[in-house]
A.B. asks: 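Okay, here's the structure, questions in a sec.
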Amino acid sequence: MSFEELPKVYEPKEVEEKWLKRWLDARLFHADANGKGEAFSIVIPPPNVTGSLHMGHALNNTLQDILVRYKRMKGFNALWVPGTDHAGIATQNVVERELKKEGKKRQDLGREKFIERVWEWKKKSGDHIVHQLKRLGSSCDWDRERFTMDEGLSRAVREAFVHLYEKKLIFRDLYLINWCPRCHTALSDIEVEHQETNGSLWFIRYPTAPNPLLIKEGVPGEVIVATTRPETMLGDTAVAVHPDDERYKALIGQKLKLPLTDREIPVIADHRVDKDFGTGAVKVTPAHDFNDFALGNDHKLPRINIFTPDAHMNENGGDYEKMERFEARKKIVADLEEKGFLVKTEPHKLSVGHCYRCRTVVEPYLSLQWFVKTKPLAERALQAVRDGRTAFHPENWTKTFVNWMENIKDWCISRQIWWGHRIPAWYCEQATAPNPLLNKEGALGEVCPPIVARETPTKCPKCGSANLRQEEDVLDTWFSSGLWPFSTLGWPDQTPELKKYYPTSVLVTAHDIIFFWVARMMMFGLEMMDEAPFKDVYIHALVRDAQGQKMSKSKGNVIDPLVIMDQFGTDAFRFTLAALAAQGRDIKLSEQVIEGYRNFANKIWNASRFALMNLGEFDPAGPTVGANGHSPLHNTPYDHWILSKLRTTVAAVSSAIEGYEFDVAAKTVYQFFWHDFCDWYLEFSKLELSKPVLYQVLTTSLTLLHPFMPFLTEEIAHRLPGVTDGESVSKWAFPTTESVLPAASRKTAEADAEVVDLVISVIEAVRTVRGENRIPPSKEMMSKVFASSAARREHLKNWASVIQRLARTASLEILDKPAAPKGMAHVVIAEGLEVFIPLEGLVDFAAEVQRLDKEIGKLKSTVDSREKRLQDANFVTRADPEVVEEEKASLVGAKSKLARLEETRRNFAT
RNA sequence: GGGCGUGUAGCUCAGCGGUAGAGCACCUCGCUUACACCGAGGGGGUCACAGGUUCGAAUCCUGUCGCGCCCACCA
């Protein structure tokens, strides 16, 4: 197609649609486990099926795609495994919300029907996000798309669960866990988000029990406790003080009367109590506070649960039964006050835990749950990171990871929801207590132990009963995603894929899921596969809005990637994300920046149009090109110059991508293409053209750009002569320094490049004079160049006509001595290299002198007044020191500008 | 309370031991046969502050101030 048929402005829409279809139809990104080439593999952080592509996904997948495309072009056997996550609670909540619109609850449907509904939703939503990933250009092996709840992965989950259970790394226990009263499920510690809140500290009087025999002299008749949660007092089973606290020593072991109830509770001593906080006495509620739970265990205190699963008072709440927890708080405080038990209330800041899925305040709640014993698993993960088998980039994340791993707690993996992997445990019906969510001690009273098995059991191995019931709970969604790097490759089967691609090369993710996901994959990978799941972990930034705010629906500052892609093109968008992906700083995304890179895409388009126009019927396989497709004839020094620039660009881009410096890589190609290739090489080419070099530089540039801008580069490539229909730039070989400029010709090329640099500097100097003096192009200028070195004078002589053309100067005189600057513009380029341009007739000297005089006059008076002010002792001593400093600085600036203007004026004066 | 990051041109950010950089915005000139989503030229910075190390510091060290984020059971 000839260039006239190409639009002047790059239109991404059709181009993207066309190539996406072709790529997918050709299964271009399919990786063959038996194919050749060293393996390079990435598993996608599976997006949740709940929603659509957001900026975080866009960045995450753009970066992965750049890596995969780059490695593929480098000759690696590159595999990128795509897929989605069932996202337990999040998805269940979404579908529940849908149901609510129909006026239904999930209980109305029943478990089975509800799950069917979720699968329907999954089908719809999962396809949606997969389609969006494709639109982004993600070169995943779409034949291998997985879902965390598909059949294979379900098998992996069972295998992993049973394996851990058999190794006693999974256990079941009655324990205080984080409970979301809205989602009705347990949460792991990291699923709770803490938020600083303005609360109160209530001081409550607990009188000593009225046993006259025990009241001695000097023993206080009451203890005042301070609490942020007065409603939990109904579950108090002790008051704790520090053993060395003189105020309370005499009371230790005695009983106190619990206000609003008829219970009596003991005063206990524990060194964990802080004498300096509040009154030094703390109420102990083992069933509703994590500290108190631990304290209660050590002191064998009873646990009294006062809440129902939806955080209302239960039968232990006495008069307050059925009240919602915060209402109960109000009422209890009022009653305490009325009855004289409330001493005072102080404002108090505290951090309150919220459910990460629905923002409801989380309740510490006593229940029977499944846990993973993490310490032994974490130990191996730590070891792998310590000895560098897995490395974080940037490496400062290592510390975060290590710190967390070292202090890891057991992981609560059971969830009381319906959507997810049902735990592969069965209970013998007759022998099991009816309600697994028991509050009382001794709930684990099953006669027959749970049966944990890979295959669904038919009868109880202990008592032979066939009346078995599977565990109702499902697994934490992160349990299955923790297996992702190997479950997607076929584990537990020993597949060729697993052999070829595990461990994966790199995991690309944002820092917000290091604990949720990266840590779990490390633990499971080492435990199940005996090898860490990835060699590198690249942690990228979070995308924020132009003001640096986190994007959120409620703030209304969400920028939709799809809207951006429609507006500016996918390639421009991808390039922007890469260019902003500097390590260690979050990304502030604004449309203005994207527009800049849209312009870059257009620049590439037009430079290519120009090349196409000039290349004509050029045959790249023709005799001007060497056997390996390189080493064309380098006719001119500027051919050498551009190849030399291209060579360093190739080296810089490669090493930047290898080092995950996507911003450096992007900016390096940008600089080369726009400022070296377009601004200079193409301009030189208008004077004399070398088709082979133009062809080589353009195709090499397209190859360099391809990982960032796959659609545009593919489109242009297929308009070039010699590119056949079936091939794809994604399979071209990524250039090397040697392929661009073989070592044999490098020396000559670089010597030539130096000459071109000299020429460019002279052209720029002449242009500066024209610009600064506002000489229109229609007016001819004469230039003189003084060069102290004979070699330079020789080069300039040879290049005189090029300089004249590009600098728009009518003549170029080469001097071996500097000229007298009288009446001339004078530019010093470097030591021994100066440009002189007579301005006679080009600039109206009289007018210029007048203008200069005016400016000089203005400056002088400024300088005068400033000097005077600074000499004024009154001002210097009394004014704000900052203002004085500013004055001084601007005086210096004004003085030097004045000197420059005066010199110019002298040269113009006749 | 710990940990991490960050403060450089009007804005967004590179640079992290050797004469202050980019993009955008701004000003001037220009429709030169790829591109006005363009070209040429220009103005603009005591690199948060204070000490120190060094021949030399935006860059290293110490401290101060400002701004983020993460973790932690002080009721």
Side-chain angles (χ1 to χ4, degrees), chain A residues 3 6 8-10 189-190 193-194 201-202 225-229 232 239-240 272-274 276-285 289-295 348 350-351 353 364 394 396-397 399-400 402-404 407 511-512 514-515 542 544 546-548 550 568-569 572 576 579-580 582-590 592-593 595-614 661 663-664 667 670-671 674-675 678-679 682-683 685-686 763-764 766-778 805-808 885-886 888-889 892-893 897:
Chain A
F3 105 100
L6 292 183
K8 279 177 137 184
V9 171
Y10 171 56
D189 293 341
I190 50 175
E193 287 177 356
H194 291 272
L201 193 58
W202 285 274
V225 300
T227 180
T228 54
R229 299 205 56 194
T232 64
V239 164
R272 279 166 285 191
V273 176
D274 181 352
D276 299 325
F277 185 89
T279 59
V282 57
K283 63 192 243 358
V284 183
T285 322
D289 181 279
F290 290 100
N291 294 313
D292 296 2
F293 182 73
L295 216 66
H348 184 73
L350 73 164
S351 108
N396 53 289
W397 290 107
K399 204 165 175 179
T400 306
V402 167
N403 270 342
W404 190 74
N407 299 304
H511 58 73
D512 52 350
I514 291 179
F515 305 145
L542 259 27
R544 297 169 180 281
Q547 277 68 248
K550 214 169 186 170
F568 299 103
T576 307
L580 294 180
Q583 293 187 3
R585 196 195 278 256
D586 283 347
I587 292 176
K588 285 182 197 161
L589 190 69
S590 69
Q592 217 175 33
V593 188
E595 196 181 306
Y597 290 111
R598 188 271 318 266
N599 294 352
F600 179 52
N602 196 237
K603 189 77 179 174
I604 297 169
W605 179 253
N606 277 294
S608 304
R609 285 175 68 224
F610 174 81
L612 245 27
M613 175 179 80
N614 284 285
E661 295 174 303
D663 59 322
V664 174
K667 283 169 184 169
Y670 180 97
Q671 161 67 29
W674 198 315
H675 299 300
C678 294
D679 289 351
L682 291 186
E683 291 307 316
S685 293
K686 287 174 183 171
I763 294 171
E764 282 175 339
V766 176
R767 283 173 176 174
T768 302
V769 172
R770 194 180 275 281
E772 279 196 333
N773 293 285
R774 281 168 307 240
I775 300 164
S778 52
R805 289 279 295 275
L806 293 183
R808 293 175 183 283
E885 284 313 303
E886 261 171 46
K888 279 185 186 164
V892 172
K897 188 166 183 185

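Order of the sequence lines fixes the chain letters, A, B, ..., with proteins taken first and strands second; residue numbering starts at 1 for each chain.
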A.B. asks: Please determine, for the side chain of R774(A), which listed nucleotide (rA25(B), rU28(B), rA34(B)) has the closest atom?
C.D. replies: rU28(B)

A.B. asks: Choose from rG3(B), rA75(B), rU32(B) the nucleotide whose nearest atom is closest to any side-chain atom of N403(A).
C.D. replies: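 Nearest to the side-chain atoms of N403(A), counting from C-beta on, is rG3(B).
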
A.B. asks: Please classify the nucleic acid contact of F277(A) as base, sugar-phosphate, or nothing, using heavy-atom distances under 4.0 Å.
C.D. replies: base

A.B. asks: For rA50(B) versus rC65(B), give the span between their C1' atoms, rounded off to a whole number of Å.
C.D. replies: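 Roughly 10 Å separates the two C1' atoms.
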
A.B. asks: If each of S608(A) and I587(A) is mapped to the nucleotide of RNA chain B with the nearest heavy atom, which maps nearer the 5' terminus, i.e. the 5' end?
C.D. replies: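 Taking each residue's closest nucleotide, the earlier one in sequence belongs to I587(A).
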
A.B. asks: Name the closest nucleotide to the C678(A) side chain, picking from rA75(B), rA25(B), rA34(B).
C.D. replies: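 Between rA75(B), rA25(B), rA34(B), the one nearest the side chain of C678(A) would be rA34(B).
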
A.B. asks: Whole angstroms only, please: what is the CZ-P distance between R272(A) and rA72(B)?
C.D. replies: 19 Å

A.B. asks: Examine distances only and state if a side-chain atom of D289(A) and a backbone atom of N291(A) form a donor-acceptor pair shorter than 3.5 Å.
C.D. replies: yes

A.B. asks: Rounded to the Å, how far apart are F290(A) CZ and rC74(B) C1'?
C.D. replies: 15 Å

A.B. asks: Between P on rA36(B) and CH2 on W605(A), what's the gap in Å once rounded to a whole number?
C.D. replies: 14 Å

A.B. asks: Have a look at E764(A) and say if it touches a base, only the backbone sugar-phosphate, or nothing, with a 4.0 Å heavy-atom cut-off.
C.D. replies: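 If one applies the 4.0 Å heavy-atom cut-off, E764(A) turns out to touch the sugar-phosphate alone, with no base involved.
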
A.B. asks: Respond yes when some side-chain nitrogen or oxygen of K686(A) is under 4.0 Å from OP1 or OP2 of rA34(B), and no when none is.
C.D. replies: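 Yes, within the criterion.
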
A.B. asks: Which part of the nucleic acid, if any, lies within contact of V273(A), taking any heavy atom under 4.0 Å across all strands shown: a base, the sugar-phosphate backbone alone, or nothing?
C.D. replies: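 V273(A): base contact, heavy atoms under 4.0 Å.
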
A.B. asks: Whole angstrom is fine here: how far is it from CZ in R808(A) over to P in rG39(B)?
C.D. replies: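 Taking CZ of R808(A) and P of rG39(B), I get 15 Å after rounding.
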
A.B. asks: rG52(B) and rG17(B): how far apart are their C1' atoms, nearest whole angstrom?
C.D. replies: 15 Å

A.B. asks: Think R585(A) has a side-chain N or O under 4.0 angstrom from the OP1 or OP2 of rG7(B)?
C.D. replies: yes

A.B. asks: Taking CZ in R805(A) as the centre, count heavy atoms belonging to other residues, nucleotides or ligands within less than 6.0 Å. Is the count above 12?
C.D. replies: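 Counting other residues, nucleotides and ligands, CZ of R805(A) stays at 12 neighbours or fewer.
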
A.B. asks: Between rA75(B) and H348(A), is there an OP1 or OP2 to side-chain N/O distance shorter than 4.0 Å?
C.D. replies: yes

A.B. asks: By nearest atom, which of the nucleotides rA25(B), rG41(B), rC74(B) is closest to the T768(A) side chain?
C.D. replies: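 Output: rG41(B).
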
A.B. asks: For W202(A), answer base if it contacts any base atom (sugar-phosphate contacts may also be present), sugar-phosphate if it contacts only those atoms, and nothing otherwise; contact means non-hydrogen atoms under 4.0 Å.
C.D. replies: nothing

A.B. asks: Base, sugar-phosphate, or nothing for R598(A), non-hydrogen atoms under 4.0 angstrom?
C.D. replies: base

A.B. asks: Reading RNA chain B from 5' onward, which residue's closest nucleotide shows up sooner: W404(A) or A582(A)?
C.D. replies: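 Here A582(A) is the residue nearer the 5' end.
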
A.B. asks: Answer yes or no: is there an ion pair linking R767(A) with E764(A), defined by an N-O contact shorter than 4.0 Å?
C.D. replies: no

A.B. asks: Quick one: does L6(A)'s side chain get under 4.5 Å of W605(A)'s, heavy atoms only?
C.D. replies: yes

A.B. asks: After noting the C-alpha distance and the side-chain angles of F515(A) and T400(A), does the key distance pass the side-chain contact (heavy atoms from CB on, under 4.5 Å) rule?
C.D. replies: CA-CA 9 Å; F515(A) 305 145; T400(A) 306; 3.7 Å; yes

A.B. asks: Any side-chain donor paired with an acceptor under 3.5 Å for S590(A) and K588(A)?
C.D. replies: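 No pair is found: no donor N or O on one side chain lies under 3.5 Å from an acceptor on the other.
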
A.B. asks: Using atom types as modelled and distance alone, determine if a side-chain donor or acceptor of R808(A) lies under 3.5 Å from a backbone N or O of R770(A).
C.D. replies: no

A.B. asks: For the side chain of D679(A), starting at C-beta, report the closest nucleotide among rC37(B), rG39(B), rA14(B).
C.D. replies: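 Nearest listed nucleotide: rG39(B).
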
A.B. asks: Base, sugar-phosphate, or nothing for V9(A), non-hydrogen atoms under 4.0 angstrom?
C.D. replies: base

A.B. asks: Quick check for you: among rA75(B), rG39(B), rC13(B), whose closest atom lies nearest to any side-chain atom of K667(A)?
C.D. replies: rC13(B)

A.B. asks: Quote, to the nearest angstrom, the C1' distance that separates rG44(B) from rG10(B).
C.D. replies: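 Nearest-Å result for rG44(B) against rG10(B) at atom C1': 9 Å.
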
A.B. asks: Is there a donor on the side chain of K603(A) or the base of rC35(B) sitting less than 3.5 Å from an acceptor on the other?
C.D. replies: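 Check passes, donor-acceptor contact within cut-off.
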
A.B. asks: Could you please name the option among rG41(B), rA34(B), rG39(B) that lies closest to any side-chain atom of M613(A)?
C.D. replies: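 Output: rA34(B).
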
A.B. asks: Could a donor-acceptor pair under 3.5 angstrom be found where the side chain of E683(A) meets the base of rA40(B)?
C.D. replies: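 When only heavy-atom distances are counted, E683(A) does not reach the base of rA40(B) through any donor-acceptor pair under 3.5 Å.
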
A.B. asks: Within the side chain of N407(A), is there an N or O that forms a donor-acceptor pair under 3.5 Å with the backbone of N403(A)?
C.D. replies: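 Yes; judged by distance alone, with no hydrogens or angles, the pair exists.
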
A.B. asks: Could you tell me how far apart H194(A) (NE2) and rC71(B) (P) are, to the nearest whole angstrom?
C.D. replies: 8 Å

A.B. asks: If I pick the P atom on rC47(B) and the same atom on rA20(B), what distance separates them, to the nearest angstrom?
C.D. replies: 11 Å

A.B. asks: Can you tell me the distance, in whole Å, between the CG atom of N602(A) and the C1' atom of rG23(B)?
C.D. replies: 17 Å

A.B. asks: Would you kindly give the CG-to-P distance between D663(A) and rG15(B), to the nearest whole Å?
C.D. replies: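 Roughly 7 Å, once rounded to whole Å.
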
A.B. asks: What contact category does T400(A) fall into here, base, sugar-phosphate, or nothing, at under 4.0 angstrom with non-hydrogen atoms?
C.D. replies: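 Touches nothing.
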
A.B. asks: For the side chain of N599(A), starting at C-beta, report the closest nucleotide among rA72(B), rC37(B), rG41(B).
C.D. replies: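 It is rC37(B).
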
A.B. asks: Starting the side chain at C-beta, find the nucleotide from rA75(B), rA40(B), rG23(B) nearest to V282(A).
C.D. replies: rA75(B)

A.B. asks: Hey, are the side chains of F568(A) and T576(A) touching, using non-hydrogen atoms and a 4.5 Å cut-off?
C.D. replies: no

A.B. asks: Using atom names, set out every protein N or O paired with an N or O of nucleotides 18-20 of chain B below 3.5 Å, distance rounded to 0.1 Å.
C.D. replies:
none

A.B. asks: How far does the P atom of rC60(B) sit from the matching atom of rG68(B), given to the nearest Å?
C.D. replies: 24 Å

A.B. asks: Please tell me if H675(A) has a side-chain N or O lying less than 4.0 Å from either OP1 or OP2 of rG21(B).
C.D. replies: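 No, no such contact exists.
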
A.B. asks: Taking the six-membered ring of Y670(A) as reference, does the NZ or CZ atom of K603(A) fall below 6.0 Å from its centre and within a 45° cone about the axis?
C.D. replies: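 Geometry flag: not set, cation outside 6.0 Å or 45°.
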
A.B. asks: Can you tell which of rA34(B), rG3(B), rC73(B) lies closest to the side chain of N291(A)?
C.D. replies: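 Between rA34(B), rG3(B), rC73(B), the one nearest the side chain of N291(A) would be rC73(B).
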
A.B. asks: With rounding to whole Å, what would you report as the distance between rG56(B) and rG18(B) at their C1' atoms?
C.D. replies: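 Pairwise C1' distance, rG56(B) against rG18(B), rounds to 7 Å.
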
A.B. asks: With sugar-phosphate meaning primed atoms plus P, OP1 and OP2, does D274(A) contact a base, only sugar-phosphate, or nothing at under 4.0 Å between heavy atoms?
C.D. replies: base

A.B. asks: Could you give the distance separating rC61(B) and rA14(B) at their C1' atoms, to the nearest angstrom?
C.D. replies: 24 Å

A.B. asks: Could you give the distance separating rU12(B) and rU6(B) at their C1' atoms, to the nearest angstrom?
C.D. replies: 14 Å

A.B. asks: Would you say the side-chain atoms of N606(A) pair up with the backbone N or O of K8(A), donor to acceptor, closer than 3.5 Å?
C.D. replies: yes

A.B. asks: So, is K399(A) close to the rC70(B) phosphate, meaning a side-chain N or O under 4.0 Å from OP1 or OP2?
C.D. replies: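 Answer no for this pair, as no side-chain N or O of K399(A) is under 4.0 Å from OP1 or OP2.
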
A.B. asks: Check if the side chain of K8(A) and the base of rA36(B) share a donor-acceptor pair of N or O atoms closer than 3.5 Å.
C.D. replies: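 No.
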
